[in-house]
Amino acid sequence: MLYIGVDLGTSAVKLLLMDGEGNIQKIVSKQYPLYFPHSGWSEQKPEDWFEQSIAGMQELLADCKKEEVAGISFGGQMHGLVALDDQDQVIRPAILWNDGRTGEETDYLNQVIGKDKLSAYTANIAFAGFTAPKILWVKKHEPENFARIAKIMLPKDYLAYKLSGSFCTDVSDASGMLLMDVKNRCWSKEMLEICGIKEEQLPKLYESYEVVGTLKKEIAEQLGVSPEVKVIAGAGDNAAAAVGTGTVGDGMCNISLGTSGTIFLSSKTFGVDQNNALHSFAHADGHYHLMGCMLSAASCNSWWSEDILKTDDFAAEQGGIDKLGENQVFYLPYLMGERSPHNNPDARAMFIGMSMDTTRKDMTQAVLEGVAFGLRDSLEVARSLGLKIERTKICGGGAKSALWKRMIASIMNVKVDVIASEEGPALGGAMLAAVGCGEFPSVEAAAEKIVKIVDTVEPEPELVAKYEEQYQRFKKLYPAVKDWF
């Protein structure tokens, strides 16, 4: 049988077709616009997601045996607020995960309601990108829109709703709303009260591998497939990427170098970092995970290369960078503010340490190293909890860079396992669809069968020592400039 994985990203939707053995048959990508109506704001039109997803699926399925398509599932950008009225019309553009407008609402939740209460209710504290602060922002600044809200959903769940008619979400994605009691995998009544919403405005919660419905008849006809095709709940993009890299079960680690950057630690038991610097979320495998998230990762490199240097030849820009661990230029990777571990939407990127002999390559190297140092900040929090992390998988667009992987291995002093497919959330979505359709008995069984390690990048002792010194210098930079933001 065939399974479709949909990765609803920030810049594009990627659609992947996988067979029951885990072989990728075809991949299609469709782009859509991103809007920045004010400084620090970030929005998209949900209608664009659906339109491009349908177009992408038609292209994806053009040459396959359509009668063999059994299921579809998702990995989706997290935290976005999608609001529908009682006629199922989108009320306003979706406010995205990297939107920084909710500073006041985030402060209200953390300072007035209190971090201790939030952590008790949801296992997390408020971050500007989370969904609950966005709801409070709409309530305060767009009361007429707030009054119209009949359904609140996350980006990928809008696709599931349009495809199946099922008003659903999964526990991994819902964990990032600050509305869910993560430990008990249910909505938090206290948080609904704080946000002024009712449980009927929220979707039904499912595990990521559970079937939520089948395709609507008209959608099935449009795609030329059976209306019996199952729609499976899916997962937030990081949990889906973790499935796609085999980061499931106990004690596994994955680093994602996408638009945002994450370090993802899977666990069979529930746990919370006492300072809430890491997110404590439900995982797509039925268990839990800790996650550190930085808002700008590979996007730092694309901004530097494309917007500043006016080139998209990333490989050429990285060619010839060979003095690792010796760079005198440092880069703070906070283009869109920062989440883990600083939780500061007002933080901004900076280059520090330039001199008259600083070169273009030094600057490019600093960008790559700055992102790796930022990810290490989260790794250090995990290590402080007693977690022993000796190796990690890696995925995302940035994972295609051999230089970046080499830096990460030595900056973090971990073995970096490269997998055969770096398709992350799209592959994870297809794997969840296969589990939901009974192709595999569990997410872990699917990962064991499908995910293959093809290379390991080892930390280099001499570089580890140099980068340790560099990281200690990097750590001092944010506290030194924090008040300036």
Exercise. Is it true that Glu193 and Lys189 make a salt bridge, defined as a side-chain N closer than 4.0 Å to a carboxylate O?
Worked result: no
Problem set entry | Presence of salt bridge, Lys268 and Asp250, under 4.0 angstrom | no
For this session: Apply side-chain hydrogen bond (donor to acceptor under 3.5 Å, both in side chains) to Thr311 and Glu317, showing your working.
Result: CA-CA 9 Å; Thr311 175; Glu317 287 304 313; 4.7 Å; no
Exercise. Taking it one step at a time, do Phe127 and His79 satisfy ring pair (Phe, Tyr, Trp, His ring centres under 6.0 Å)?
Worked result: CA-CA 10 Å; Phe127 288 79; His79 315 302; 8.8 Å; no
Problem set entry | Result of checking Lys452, Arg391, Lys393 against Asp417 for salt bridge (Lys or Arg N to Asp or Glu O under 4.0 Å) | Arg391
For this session: Could you verify whether a donor N or O on one side chain and an acceptor N or O on the other, from Ser188 and Glu190, lie under 3.5 Å apart?
Result: yes
Problem set entry | N/O donor-acceptor pair under 3.5 Å between Asn254 side chain and Thr247 backbone | no
For this session: Return yes when atom CD of Glu390 has more than 12 non-hydrogen atoms of other residues, nucleotides or ligands closer than 6.0 Å, and no otherwise.
Result: no
For this session: Taking only Lys NZ, Arg NE, NH1 and NH2, and the carboxylate oxygens of Asp or Glu, determine whether Asp237 and Lys156 approach each other closer than 4.0 Å.
Result: no
Problem set entry | Pairing of Arg185 and Glu207 as salt bridge, 4.0 angstrom limit | yes
Exercise. Do Thr262 side-chain atoms and Phe264 backbone N/O form a donor-acceptor pair below 3.5 Å?
Worked result: no
For this session: Mark yes or no for whether Ser340, through its side chain, and Ala277, through its backbone, hold a donor-acceptor pair below 3.5 Å.
Result: yes
Problem set entry | Pair listing, side chain to side chain donor-acceptor pair (under 3.5 Å) test, anchored in residues 23-32, at least two apart | Asp19-Asn23, Asp19-Gln25, Lys30-Glu59
Problem set entry | Ser208 side chain to Ala235 backbone, donor-acceptor under 3.5 Å | no
Exercise. Pairs in or reaching into residues 34-45: which pass salt bridge (charged side-chain N to carboxylate O under 4.0 Å, His left out), with residues at least two apart or in two chains?
Worked result: Glu43-Arg92, Glu43-Arg101
For this session: Could you list the residues that satisfy side chain to side chain contact (heavy atoms under 4.5 Å, CB included) with Asp85, not counting sequence neighbours?
Result: Gln87, Gln89, Ile91, Arg148
